[in-house]
Amino acid sequence: MNVKYIEYALTADALCIGERVKKGIFKPCVRTIPFSSITGALRERFGDNRICAVGKLDESYLKEIDRFRQIHVHSPRYRSEDVARVPLQIEFFTDVKGLVYMTLEGGNIEEFKRELERSDVIRMGAFKSKGFGNCKLRYVRTVEKPVIKAGRLQTRIPVKHLSLFGISEIKPVYGYLFEPETPVSGKYVKSLYEGSLVKGYDFLIEEEQ
């Protein structure tokens, strides 16, 4: 597959991409940048559903992640009664540093790169109305011939998009990511999670030690 990818460095003052949990009053933050989060943010910003992107947190940032962990207490309310529910503790990260890899299915990635340079700020994750998730993107390089290698996947990608990033499964870890169908609805789709043993493009793979 002859596909170009553009790599961007992502930074954010505060970012909350919550894990999908059904119960409990603590909602942890994921330690990567899933396909659903970054692709959704880019498609919303540029109005182009051909955009496909994945991301990961910077390796040095991950090693010191506890320094950047913070807790936000959120008290949702019942609309009809205007009564607060049990407060939720939401984890988020500060001074975020990550890497994002984008491609444009059936489109000119260089034209999109120029458009992104004119407007390099996106909004991603939860609590955007409270100032979370304002992300800055800085161009790093264009990847034209990525190398396939084996190791641990560093991001989360829907199974149906694995081939776009050269990924084949060896020992998968499955989960589900949200896929919007309309502006107000969507569904969860089967996805490959970080830690899966795979073969794939080197920029998304951590080699086994």
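Remember, it's a predicted structure, so these values are computed and weren't measured experimentally. Note that these values count all heavy atoms, side chains included, but never hydrogens, waters or copies made by symmetry.
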Side-chain donor or acceptor of Ser37 paired with backbone N/O of Ile33 under 3.5 Å: no
Option among Tyr8, Tyr139, Tyr5, Phe203 that satisfies the ring pair (Phe, Tyr, Trp, His ring centres under 6.0 Å) test with Tyr101: Phe203
Review item, side-chain donor-acceptor pairs of residues 111-119, under 3.5 Å, at least two apart:
residue : atom : partner : partner atom : Å
Ser119  : OG   : Arg45   : NE           : 3.4
Ser119  : OG   : Arg45   : NH2          : 2.2

Measuring from atom NZ of Lys4 to atom NZ of Lys145, what distance do you get when rounded to the nearest 0.5 angstrom? 11.0 Å
Using a strict cut-off of less than 4.0 Å between a Lys/Arg side-chain nitrogen and an Asp/Glu carboxylate oxygen, indicate whether Lys97 and Glu64 qualify as a salt bridge. no
Are any of the side-chain nitrogens in Lys27 or Glu19 under 4.0 Å away from the carboxylate oxygens of its partner? no
By the rule that ILVMFWY residues connect when side-chain heavy atoms come within less than 4.5 angstrom, directly or transitively, which residues belong alongside Phe178? Tyr176, Tyr188
Smallest heavy-atom separation, Thr155 atom then Pro34 atom, equals OG1-CA, 4.0 Å
side-chain contact (heavy atoms from CB on, under 4.5 Å) between Val96 and Thr11: does it pass, once the steps are laid out? CA-CA 5 Å; Val96 177; Thr11 55; over 6 Å; no
Flag yes if more than 12 heavy atoms outside Glu179 fall under 6.0 Å of its CD atom; otherwise flag no. yes
Given Glu194, which partner from the list Arg152, Lys56, Gln154, Arg156 fulfils the side-chain hydrogen bond (donor to acceptor under 3.5 Å, both in side chains) test? Arg156
Start with the C-alpha gap between Leu162 and Leu192, add the side-chain angles, then the distance that decides, and say whether side-chain contact (heavy atoms from CB on, under 4.5 Å) holds. CA-CA 8 Å; Leu162 294 179; Leu192 209 59; 4.0 Å; yes
Is any NZ, NE, NH1 or NH2 atom of the basic residue among Lys136 and Asp120 found under 4.0 Å from an Asp or Glu carboxylate oxygen of the other? yes
Under 4.5 Å side-chain heavy-atom separation, chaining through any Ile, Leu, Val, Met, Phe, Trp or Tyr, what else clusters with Val121? Say none if it is isolated. none
So which heavy atom on Cys52 is nearest to which on Arg43, and how close? SG-NH2, 3.7 Å
Evaluate the ring planes of Phe92 and His72, with Trp represented by its six-membered ring, and classify them as parallel (under 30°), tilted (30 to 60°) or perpendicular (over 60°). perpendicular
